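Computed from a predicted model, the values in this text were never measured in an experiment. Heavy-atom basis, side chains included; hydrogens, waters and symmetry copies ignored. Just so we're on the same page: letters track the sequence lines, and every chain starts at 1.
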Amino acid sequence: MRYRLTKQPLEWIDRQHKLRFSFEGKTFEAFEGDVISSALWANNVRMLGRSFKYHRPRGLLSLANHDVNVMLQSDNDTHIRGDVRAVQEGESYYATNTQGGLKQDRFKWLGKLSAMMPVGFYYKAFHSPRFLFPLWETIIRRAAGIGKINTDWKRRFTPKWYEHADVLVVGAGPSGIQAAQNAAEQGMKVILADENKHIGGSLDYQWVNDTDAAVIRQPLKQQVLDHPLITVKTETVVGGYYADNWIPLSGPEGIAKLRVKAVIVASGLLEQPAVFHNNDLPGVMLMSAAQRLVARYAIKPGNKAVVLVANEEGYRGVMDMYKVGIEIQAVVDLEPAEAHSEWVALLNEKGITVYSEYTVNEACGKDSLDAVVIGPIDQPGIDTTRIDCDLLLMSVGWSPAAHLLYQAGGKLGYDKTLNQFVPGTLPAGIYACGRVNGVFKLTEQLKDGERAAQQCAAFIRGDNASYDEGAFRDELSHSSGWPIVAHPDGKNFVDFDEDLQLDDLLNAAKEGFDNIELLKRFSTVGMGPSQGKHANMNAIRILAKTLGQDIDQTGSTTARPFYHPVRLDDLAGTRFRVHRVSAMHQQHIKHQAVFMDAGTWQRPEFYGDKARRETMIREEVQAVREGLGLIDVSTLGKIEVMGPDAACLLDTMYTMRMTNIKHGMTRYALMVDESGVIIDDGIVGKISDSHYYLTATTSHADITYRMLSRAIAEWGLDVRLSNRTGQQAAVNLAGPYSRELLAPLVDIDISDEAFPYLGIREANVQGIPARLMRVGFVGELGFEIHVPYNQGESLWQLLMEKGKQYGIRPFGVEAQRRLRMEKGHIIVGQDTDGLTTPYEAGMPWAVHLKKTFFVGRQTLAIMKDNTDRVLVGFQLAADGASTEVLESHLVIDNGEIRGRVTSVGYSPSCQRVIGMIMLDKQLADIGTPLCIRTTSGDMVKAEQVSMPFYDPDGLRQKPQLDKDAA
Amino acid sequence: MKLIPCPDLGPRPRNEFDYGGEVRRPPLDADDKCWAEYVYNRSGQPGVLREWWYHRPTGNWYVFERDTQRDEFLISIPLKEVQYALPSDETTA
Amino acid sequence: YQRGVEIHQKTAVTAIVEKDGRVTGVQTNRGFIQCNKVVSMVAGSTPRITSMLGLQTPIEIFPLQACVSEPVKPFLDTIIVSGSLHVYVSQSSRGELVMGASVDPSVLHSTRSSFDFVEELADKMLDLFPFTGRLRVMRQWAGMSDITPDFAPIMGKTPVEGFYLDAGWGTWGFKATPVSGKTMADTVVNDRNHELIEPFRFDRFREFDLVGERGAASVGH
């Protein structure tokens, strides 16, 4: 660690704890508290990564979480940002985006080809000649991306939680701290968030040697740490701003979702690089990065430095560097140096030459900086001087970290005095202070923080007093309006993330992408991982100059969330899923159910050997047809409809007439929307004149409830609803022996005379209060039995036990689908799509157009004779070779798509594959063959047949057959 | 997350609500063309809309006026104000 | 430029002028343009334009959100759409994962992003690819989509002579751009709908003749 300095007053490292880690296979030492980049720099490692496109060597630039060319990889993580990630003991890090290691990167020659990769090259270079495109695509794809992910990595469940406060202060620099303190003093509950490990912000790296700062530093920081109303959150990134002050704070533990009444943004500035030849060479860095290296990590950034300045901060920084023993070879001022005559005099005293109105034209060196070439501004090649150095510090300007202000709907304007964007109109409850607000002097920053807090507290109290938000702004420029040098050899990078050079942007503008948003999309400037934090300001300056416009006219791009990228793991948090199981779930497990997801429910798809799925399903079907089966239908929507207008409500919401259902009877219930499209089905049973019970499909249960309650509100009906979906367990006992099994268990007469098909009864099943319905979905004699949830399991066990003598078998969803398919019954959402009407579904009988009104009635009246397609039944040849026909396979006729398979499966009753097709009406004709294209591309012949496939006359539900059927 | 100013509960997060679309009223005795326009057409322009919002945890419907450009909930409208009589003959049996 | 087309950026149409049911020009914030044919292809703003001519359409505007991860070495060379999770993901040629879901549930004329969108998306994305949890979402954004009742575009002639519409593309469109450009050009030049776009005609709603995406899965998208 030979670049480590003696102890610095505010350093973040713990010299008592040494760590060892490796980088690119070589072992290094670090102190606890070092970040990876600082530790490497201390060990004289200058090349820390390679750039995205040209694989150029890159070093330390910002040390502020924007060094995206220093993205590292470890065994269990990727996209590790070396400039902010703390060194972990024993960890091995590798540079990303290299082939064969950082130094010997096999792609490093790409930089030589940069002339062949002009701006927009993704869009055009590789498209002609066209036959080469697949080749280029392969090469590009291999070169794409930064880190690698390991497909063995597991998801980590990180917590997310909610927080509430009055005020969020973003950024714990001097003005942010002052604002937090002042807001708390007015009784506000404050959260002070900063992405750094310690609070202090610029106070602790930019003002380290300032005497005023020394006086205020400790008390200022201590007061917010001690204040009971202030929560300080360090290492916490304010990810973005969302409507109604909803703000994710992304910290080491996870994401806090914060709701506040007001936000004070004291997020400071992002230092901007100068643009000159080889400005990306390791050893060229921002002054603020060098100051951070010194102040936080006690590392000497280099031995011999040239400093490029355009502001007072640069001069102050020169003295900081001088103080730690760096030889200052020259100070190069882009502006007339007399503006800083006091500083110049001080430097001259120390024997340091200041070049006024000079610039750095180029940086020299192979893998790191050896020298710079400087010369007078705007006179390239004339009077140039080469100066040997291993460090070039840039202090030429700033750009506000105004992302949150933009996201909150704030407008910023370009201040020509400051050469910086500053907040203009901000929405109510959003305030800015400190450097982001154009306030540079330390004392003024504190005053500005206080002003923001006053204004914020007044807003929360409901007092809209007016404040001068620009009162403390500086009167001097802190940014060069043009820190950019054209160079015949290019390599003057504007965007380090994307390897975009000055010419790339000039060319893009020339090609007509002369609007900042277009320029961004075409050139990809600002679209890399730092999201243009170093690039956007210079890009705007370049575009404005090219177009001869003001910066304000040119505008800026939209600042989208997130401020820093946020992990998918953190965003996803702990996996919450509604996961519903029925009352009989344990019984299903006992019977070796293979479960499937049905919306949020877990339902048995079938029972038994997973490997013998088809056999199991066929046996279940057979059991229902010939003996007895039991299926759990608890997931059905179950709604009680009560009140004087109950019948009227149902009549309005369903296509069939509901007002004339007889007591103790049920009716099929089909629901369409206003455009006549089928959205749900179920049955409605009449308990009394003012009491109906209805069922809805599993997936639509909540929606049906919601729609019924809306109808009540809309028409002012006197109806009460009770959604009993979750409270009622339900089974369907189906098969020829169902009545024989059930009769002795119930306290009512369930003979066909007393309890006919489609009847509904209240009964007791061996003491369990139940509602019985005779239903026909699967096409056998059957009883749906609805009981309270807590009795569901007992009911199941009872029926299974007593049913043994009839060979009862539990059946799952798949067997039920086959059974109902044999009967030609549709499943809404499977056999129907977003446009299917009852006429298309072959159910004109379910539409009672004679009713004066029901939802969708007029549409259906119009569409009745106006359908292009219809649901038809089909069967495949009986040889059984055609089971590869699947749902959604297409019917092709003369090369045209004419239909789609909606349901298909082997029918044990028909002993062949049957199914349904939503078919062009012109082709619908019993007996007409159809061609179905399967996944393999083969065409399979199908024959149209009439539905139902099984028991077309419904005799199975008739009384005389119920025992002898088997 | 956006807050919706519920007249009964105070501000509640938007994800507790389901969107029910614009408050509309079917035309009586509409010809097919008018009916088609009613079924499918919408104003579609930015502006203030009266909309149905369903509060899932309580099972209540609300009607709000919302500025669809600024996503701002302006006022809550009493349900009585948007109710209308069913265009059906309830006594038909 | 090469073919004599002028593109006026940052120019707002404030009115479309018609006389006797025919388009005669377009008023903009930068002046009047006299013309007898106008084509509107302004996704996200179609109702504002059509209302200038008193035309009603079924189009409503819903935000469509998406997000993109930091670039990662290629591991996914196809687009994956999950009908049950309602997410899609693909990897761009730059290596970023581009991820999205269906449109937001309520009408909105704004391109604001929401945090709940990206939370939910991340959760579902990790159901699909649990190993991507270390990846970071770099940026999220939203666009305004024209949505029609059948999720299909509205193309071709309108009841106003000389006014043509190519709108309602909703969440579709990118790959259909070339052919829609060609068929619309043909339609405008010959003042009759090109046969390929006839199913997408303006009047189909009035005729209750909606477009079902043939061969689509059992949801209306």
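Residue contact with chain A, scored on non-hydrogen atoms closer than 4.5 Å, is absent for R112(C). Interface residue E70(C): backbone and side-chain heavy atoms are both found under 4.5 Å from chain A. For M527(A), the parts lying under 4.5 angstrom from a heavy atom of chain C are both the backbone and the side chain. Residue Q73(A) does not touch chain C at all, counting heavy-atom pairs closer than 4.5 Å. With a 4.5 angstrom heavy-atom cutoff, D209(C) touches chain A only via side-chain atoms. Proximity to chain C is limited to the side chain of I255(A), based on heavy atoms less than 4.5 angstrom apart. Only the backbone of K154(A) comes within contact range of chain C, with heavy atoms under 4.5 Å apart. Residue M125(C) touches chain A through its side chain alone, counting heavy-atom pairs closer than 4.5 Å.
In this structure, R577(A) pairs ionically with D127(C), as a charged nitrogen and a carboxylate oxygen lie closer than 4.0 Å.
Separation of atoms CG (L135(C)) and CG (D569(A)) is listed at 9.5 Å; rounding is to 0.5 Å. Atom CZ of R560(A) sits about 12.5 Å away from atom SG of C67(C), to the nearest 0.5 Å. Once rounded to the nearest 0.5 Å, the distance linking CG of D497(A) with CE of M138(C) reads 8.5 Å. In this structure, the separation between CZ on R81(A) and CZ on R136(C) is 7.0 Å, given to the nearest 0.5 Å. If you take CG on L571(A) and CZ on F117(C), they are separated by 11.0 Å, rounding to the nearest 0.5 Å. Going from atom CD1 of I146(A) over to atom CD of E96(C) covers 9.0 Å, rounded to the nearest 0.5 Å.
Classification of the F115(C)-F562(A) ring pair by plane angle, with boundaries at 30° and 60°, yields perpendicular.
Comparing K257(A), R869(A), H889(A) by how many heavy-atom pairs each has under 4.5 Å with chain C, the most go to K257(A). Between chain C and the options G239(A), G240(A), P248(A), the largest number of non-hydrogen pairs under 4.5 Å is found for P248(A). Of the listed residues (Y563(A), Y242(A), W153(A)), the greatest number of heavy-atom pairs within a distance under 4.5 Å of chain C belongs to Y242(A). Ranked by heavy-atom pairs under 4.5 Å with chain A, the list P149(C), A122(C), A142(C), G133(C) is led by G133(C). Of the listed residues T902(A), N76(A), D597(A), D152(A), the one with more heavy-atom pairs under 4.5 angstrom with chain C than any other is N76(A). Looking only at heavy-atom pairs under 4.5 Å with chain A, the residue among P130(C), G95(C), S84(C) that has the most is P130(C).
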side-chain contact (heavy atoms from CB on, under 4.5 Å) for I149(A) and K73(C)? Distances and angles first, verdict last.
CA-CA 7 Å; I149(A) 45 176; K73(C) 290 290 173 203; over 6 Å; no

Stepwise side-chain contact (heavy atoms from CB on, under 4.5 Å) check, E207(C) with N866(A):
CA-CA 9 Å; E207(C) 296 158 9; N866(A) 185 18; over 6 Å; no

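In K182(C), the NZ atom is not crowded: 12 or fewer heavy atoms of neighbouring residues, nucleotides or ligands sit closer than 6.0 Å. Within 6.0 Å of NZ on K124(C) lie more than 12 heavy atoms contributed by other residues, nucleotides or ligands. Summarising the local packing, CZ of R933(A) is surrounded by 12 or fewer heavy atoms from other residues, nucleotides or ligands at distances under 6.0 Å. No more than 12 heavy atoms of other residues, nucleotides or ligands shown are found within 6.0 angstrom of CD on E120(C). The local environment of CD in E195(C) is sparse, with at most 12 non-hydrogen atoms from other residues, nucleotides or ligands closer than 6.0 Å.
The shortest non-hydrogen separation linking D150(C) to L835(A) is CB-CD2, 4.1 Å.
Judged by distance alone, with hydrogens and angles left aside, the side-chain atoms of R575(A) form no donor-acceptor pair with the main-chain N or O of D123(C) at under 3.5 Å.
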